[in-house]
Amino acid sequence: MKISDIRPEVYSMADEAQKRLAGRFAGIDYTAEMNTGKVMEAFQNNRVSDACFAGTTGYGYDDMGREVLDKLYAEVFGAEAALVRIGFVNGTHALTAAMFALVKPGDTILAATGMPYDTLRTAIGISGNSHGSLKFYGIDYAQVDLSADGGPDYEAIAKAAADSKVAAVMVQRSRGYEDRKALTIEEIEKICRTVKAVNPNANIMVDNCYGEFTDILEPTQVGADIMAGSLIKNPGGGLAPTGGYVAGKKELVDRAAMRLTTPGIGGECGSTLGNNRLLFQGLFMAPHIVAQALKTACFCAAMMEQLGIETSPAPEEKRSDIIQMVKLGSPESMKRFCLGIQAGAPVDSYVTPEPWEMPGYDCPVIMAAGSFIQGSSIELSADGPIREPYTVYMQGGLTYESGKLGIMMAVSAMLDGE
């Protein structure tokens with residue numbers, strides 16, 4: 001299946017969807033402009049020069065670029081400090097380092113937004129019995145489920161957070177593989193106020209994956225003590241080859257650095273191996289690239305709606321992450337959708353996605369991802385667990401034009417399968 005195989009009726013559907021979304025696209029462009037200004041000012045304030053792009057090897061002592069990049073992330077996210085490292089192998093790794101920075105044996109970590117997504121469950125110790133999990137080190141876990149409308153249950157959060165054993169509260173901004181809405185910045189701020197009112201000593205951590213630059217403010221600017229995310233999602237701008245970040249209060253970021261490396265070393269070591277320029281340029285591009293992904297997600301929702309398929313968020317709904325949930329209803333429909341997304345990719349377009357036993361998940365997962373960087377969720381991709389209600393989670397799109405074509409390929413593939 002190639003771009004030339006897109007059905008004529010799909011082009012008509014695409015024109016209708018794009019006209020409908022003109023107002024929403026204007027709002028996305030405004031957010032991108034505001035965030036670009038914030039990023040550019042941080043570059044100027046920290047005197048970024050080409051000397052920052054040189055890499056280091058070995059121990060990585062006195063890596064000027066690495067140190068300036070930490071300052072950039074801290075300023076952009078309104079935090080005291082940041083730790084930006086290619087040594088984080090994924091978002092789960094960065095989040096785990098942040099969680100360990102908040103607790104000690106005997107403490108309780110409270111999930112304020114329901115069950116965390118699959119890979120974090122093993123790190124916490126909710127599922128499995130892995131050596132080195134939070135549970136392994138004697139850290140207890142408690143959970144507050146979301147309310148009936150899918151939002152935070154503030155009353156239940158206040159009650160649970162008041163327990164003196166609760167040393168940390170975890171907030172998941174994005175939806176993960178759950179039928180729930182991504183949290184708005186306003187909701188995150190209200191959770192922070194609710195927790196601090198009953199337990200001022202509890203530190204609040206936000207899993208910010210998929211959410212960076214979707215709004216003008218970030219969680220650390222509205223009360224979160226620390227947050228973490230992946231560089232091959234939003235903040236890497238499609239250029240970062242790997243890595244993650246932690247940002248927040250300096251003491252907590254320093255503790256996370258000790259978890260990433262080792263006590264006594266922290267963030268002082270870690271060679272960058274020639275990747276600095278990509279990390280700087282990726283951050284510079286990130287607000288614009290996130291806008292492209294948001295437009296692609298809106299377009300996907302509008303196209304699916306024309307097919308009578310339920311989506312979340314709705315086409316014109318304001319978004320707090322880049323993920324588009326598409327409720328396809330059957331394994332066969334999931335496979336057809338993912339086949340089209342894969343066929344619309346610039347890399348590995350000839351590959352047919354098949355479900356597989358992905359590490360960290362308790363059921364087969366199907367993934368369509370023809371990306372320049374393996375697993376890059378800011379590039380157009382679609383994935384989901386093969387379990388009821390058979391929902392695909394689509395995200396990314398380095399350019400709206402390519403993302404639009406990928407969605408049109410998915411629609412064509414679904415129509416071909418009827």
Side-chain angles (χ1 to χ4, degrees), residues 77 79 91-92 94-104 106-127 133-135 139-212 214-215 217-229 246-249 252 255-256 312 320-321 323:
F77 291 153
T92 300
L95 288 160
T96 301
M99 284 191 292
F100 271 99
L102 307 181
V103 290
K104 63 183 184 303
D107 287 342
T108 296
I109 187 166
L110 172 68
T113 48
M115 182 67 73
Y117 60 76
D118 300 61
T119 53
L120 269 181
R121 296 173 196 171
T122 304
I124 294 168
I126 303 169
S127 60
S133 68
L134 287 168
K135 180 181 177 182
I139 295 151
D140 295 325
Y141 171 79
Q143 178 179 308
V144 175
D145 292 330
L146 295 168
S147 61
D149 65 0
D153 187 338
Y154 301 106
E155 185 176 340
I157 290 171
K159 183 177 180 180
D163 186 336
S164 61
K165 288 187 64 180
V166 172
V169 176
M170 179 176 63
V171 177
Q172 182 178 304
R173 182 176 185 176
S174 188
R175 64 187 64 226
Y177 282 153
E178 298 294 333
D179 188 358
R180 51 155 281 197
K181 294 181 179 179
L183 296 186
T184 65
I185 281 293
E186 292 77 16
E187 287 171 323
I188 293 172
E189 183 176 22
K190 189 172 180 180
I191 291 174
C192 293
R193 289 201 312 266
T194 299
V195 170
K196 295 295 185 179
V198 298
N199 191 344
N201 295 321
N203 286 307
I204 301 166
M205 184 198 85
V206 174
D207 171 356
N208 207 31
C209 288
Y210 303 103
E212 298 91 350
T214 59
D215 206 311
L217 296 174
E218 297 293 339
T220 39
Q221 295 173 291
V222 296
D225 297 293
I226 194 169
M227 67 183 187
V246 175
K249 291 183 176 178
L252 301 179
R255 290 183 197 171
S312 179
S320 297
D321 68 1
I323 297 176

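For reference, positions follow the sequence shown, starting with 1.
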Worksheet item: Does any non-hydrogen side-chain atom of S320 lie less than 4.5 Å from one of E187?
Response: no
Fill in: Contact summary for Y117 and C209, nearest pair of heavy atoms
OH-SG, 4.2 Å
Worksheet item: Are the side chain of R180 and the backbone of D149 linked by a donor-acceptor contact shorter than 3.5 Å?
Response: no
Worksheet, complete the sentence: Between P200 and V198 the two heavy atoms that sit nearest each other are CD-C, 3.9 Å
Worksheet item: Passes side-chain contact (heavy atoms from CB on, under 4.5 Å), E218 versus R173? Steps please.
Response: CA-CA 11 Å; E218 297 293 339; R173 182 176 185 176; 3.4 Å; yes
Item to complete: Go through L120 and D207 one step at a time and tell me if the side-chain contact (heavy atoms from CB on, under 4.5 Å) criterion holds.
Response: CA-CA 10 Å; L120 269 181; D207 171 356; 4.1 Å; yes
Discussion item. Show the nearest heavy-atom pair for residues C192 and G223, with the distance to one decimal.
Written reply: SG-C, 3.5 Å
Item to complete: Kindly indicate whether the side chain of M170, heavy atoms from C-beta on, has any atom under 4.5 Å from the side chain of P116.
Response: yes
Worksheet entry | Residue pair A94 / V246: nearest heavy atoms and the distance that separates them | O-CG2, 3.7 Å
Discussion item. Can you give me the closest heavy-atom contact between A98 and A228, atom names plus distance?
Written reply: CB-CB, 4.3 Å
Worksheet item: Quick one: are S133 and Y141 in side-chain contact, heavy atoms under 4.5 Å?
Response: no
Worksheet item: Should the pair K196-D225 be classified as a salt bridge under the 4.0 Å nitrogen-to-oxygen rule?
Response: yes
Fill in: Atom pair NZ (K249) and CG (L102), whose distance is rounded to the nearest 0.5 Å
10.5 Å
Worksheet item: How far does CG of N199 sit from CD1 of I157, to the nearest 0.5 angstrom?
Response: 13.0 Å
Worksheet entry | Beyond-backbone contact of V171 with I204, side-chain heavy atoms, under 4.5 angstrom | yes
Worksheet item: Measuring from D145:CG to T113:OG1, what's the distance to the nearest 0.5 Å?
Response: 10.0 Å
Discussion item. Within the structure provided, determine whether E212 and F77 are in side-chain contact (heavy-atom separation under 4.5 Å).
Written reply: yes
Discussion item. Is there a side-chain contact (heavy atoms from CB on, under 4.5 Å) between Q172 and L183? Walk through the geometry before answering.
Written reply: CA-CA 8 Å; Q172 182 178 304; L183 296 186; over 6 Å; no
Practice prompt. Test side-chain contact (heavy atoms from CB on, under 4.5 Å) on Y154 and I191 and set out the steps.
Written response: CA-CA 7 Å; Y154 301 106; I191 291 174; 3.8 Å; yes
Discussion item. Would you compute the distance between atom CD1 of I226 and atom CG of N208 and round it to the nearest 0.5 angstrom?
Written reply: 12.0 Å
Discussion item. To the closest 0.5 Å, what do you measure between OG1 (T119) and CD1 (I124)?
Written reply: 9.5 Å
Practice prompt. Drop me the distance from M205's CE to M227's CE, to the nearest 0.5 angstrom.
Written response: 11.5 Å
Worksheet item: Between M99 and V103, which heavy-atom pair has the shortest distance, and what is it?
Response: O-CG2, 3.4 Å
